[in-house]
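It should be emphasised that the depicted structure is a prediction, and the values quoted were computed from it without experimental measurement. Heavy atoms only: backbone and side chains are in, while hydrogens, waters and symmetry mates are out.
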Amino acid sequence: SPTYSRNDETKRASPAARTTGVLELNQLEVPVARLPLASRDNVPEDQRAAFDELVKGYGDIPRHGPSSVIINVPKAQQHVNALNKYLRTESSLPKKIQELAMLVTARENDCQYIWNAHAASARAAGVSDAIVDALRDRKELPKLAADESAVVRYGHAERGNRTEIV
């Protein structure tokens with residue numbers, strides 16, 4: 001499984017990694033899909049208006065991350081964006097718990113992209129350094145508040161990890 005470091009939280013794929021299709025994860029090389037950069041001409045004609053609207057909102061065609069793939073089907077990307085916005089802005093969960101859930105999910109699935117996208121914002125939202133570092137390193141977690149413990153237990157159970165968290 002890939003390893004994560006605190007430095008990874010703010011790193012993005014290097015230009016070399018983007019051109020070679022290989023992401024370097026702390027000395028581990030992982031091949032990534034090689035899709036051409038989306039373009040207006042490559043999306044279905046009946047979705048070009050949606051493509052134009054998305055690109056206008058982004059400021060450019062996404063070059064990495066999930067949006068760089070999903071934008072090839074602009075109407076699907078619009079639905080993903082709407083769901084993302086709903087979960088982030090209309091959720092009854094506090095930002096701290098949302099970010100902790102993202103980290104637990106990212107770590108349980110060894111998804112370094114999502115980890116990197118959320119570790120710093122989790123810290124900024126109030127998830128303690130001790131919790132973030134323990135999740136990252138797969139170490140024993142410090143004592144958690146009831147809401148934090150519920151999120152971690154759920155994330156572990158979802159993946160079949162029956163480890164007890166106190």
Side-chain angles (χ1 to χ4, degrees), residues 1-14 17-18 21-33 35 54 57-60 62-166:
S1 88
T3 58
Y4 301 80
S5 73
R6 193 161 181 178
N7 275 348
D8 290 333
E9 294 170 11
T10 54
K11 267 196 262 180
R12 298 289 183 242
S14 67
R18 287 192 296 272
V22 173
L23 292 177
E24 296 173 34
L25 304 177
N26 295 345
Q27 314 307 321
L28 176 69
E29 291 187 355
V30 179
V32 294
L35 291 176
L54 288 164
Y58 293 144
D60 199 359
R63 298 186 184 285
H64 57 275
S67 294
S68 68
V69 175
I70 303 170
I71 197 167
N72 285 288
V73 184
K75 288 183 181 177
Q77 181 70 63
Q78 287 178 322
H79 290 293
V80 168
N81 289 354
L83 177 60
N84 190 344
K85 181 180 178 187
Y86 172 80
L87 292 173
R88 289 180 173 274
T89 63
E90 297 183 37
S91 172
S92 61
L93 294 175
K95 188 73 171 162
K96 174 182 175 182
I97 296 303
Q98 290 180 34
E99 291 297 333
L100 178 59
M102 294 299 282
L103 290 186
V104 170
T105 303
R107 195 63 188 110
E108 286 296 313
N109 290 289
D110 286 328
C111 184
Q112 190 170 15
Y113 180 86
I114 297 299
W115 180 273
N116 290 346
H118 288 274
S121 55
R123 292 176 197 273
V127 178
S128 74
D129 287 343
I131 293 172
V132 174
D133 295 346
L135 284 170
R136 180 194 64 218
D137 300 336
R138 294 190 190 274
K139 304 278 183 179
E140 184 176 337
L141 291 166
K143 182 154 179 59
L144 301 172
D147 56 353
E148 295 168 335
S149 180
V151 169
V152 172
R153 279 196 322 268
Y154 183 83
H156 285 292
E158 180 65 25
R159 292 288 293 172
N161 179 346
R162 304 288 182 226
T163 304
E164 288 299 315
I165 304 294
V166 252

| request: Check whether more than 12 heavy atoms from other residues, nucleotides or ligands sit under 6.0 Å from atom CD of Glu140, and answer yes or no. | output: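 Not buried by this count: 12 neighbours or fewer within 6.0 Å.
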| query | Considering residues at least two apart in sequence or located in another chain, which fulfil the side-chain hydrogen bond (donor to acceptor under 3.5 Å, both in side chains) criterion with Glu148? | reply |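 side-chain hydrogen bond (donor to acceptor under 3.5 Å, both in side chains) list for Glu148, sorted by chain: Lys96.
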| message | Tell me every residue that passes side-chain hydrogen bond (donor to acceptor under 3.5 Å, both in side chains) with Asp147, counting only those two or more places apart in sequence or in another chain. | response |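 Applying side-chain hydrogen bond (donor to acceptor under 3.5 Å, both in side chains) to Asp147 gives none.
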| said: Donor-acceptor pair, distance only, cut-off 3.5 Å: does the side chain of Ser121 make one with the backbone of His118? | reply: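 Yes; at least one donor-acceptor contact below 3.5 Å.
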| Donor-acceptor under 3.5 Å (Gln98 side chain, Leu93 main chain) |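 Answer holds: yes.
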Testing the basics here: between [X] and [Y], what is the closest heavy-atom pair and its distance to 0.1 Å?
{"X": "Pro142", "Y": "Ile131", "value": "CG-CG1, 3.8 Å"}
{"X": "Ala106", "Y": "Ile114", "value": "CB-CG2, 3.8 Å"}
{"X": "Leu54", "Y": "Pro74", "value": "CD1-O, 3.5 Å"}
{"X": "Asp133", "Y": "Arg123", "value": "OD1-NH2, 2.8 Å"}
{"X": "Val132", "Y": "Trp115", "value": "O-CH2, 3.5 Å"}
{"X": "Gly155", "Y": "Val104", "value": "CA-CG1, 3.7 Å"}

| query | Could you state the interatomic distance from CZ (Arg107) to CD (Gln112), rounded to the nearest 0.5 Å? | reply |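 Spacing of CZ (Arg107) from CD (Gln112) equals 9.0 Å.
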| task | Hey, could you give me the NZ/CD1 distance between Lys95 and Ile97, rounded to the nearest 0.5 Å? | result |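 Between Lys95 NZ and Ile97 CD1, I get 12.5 Å after rounding to 0.5 Å.
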| request: Run the salt-bridge test on Arg136 and Asp129 with the 4.0 Å N-O cut-off and return the result as yes or no. | output: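 No, this pair does not count.
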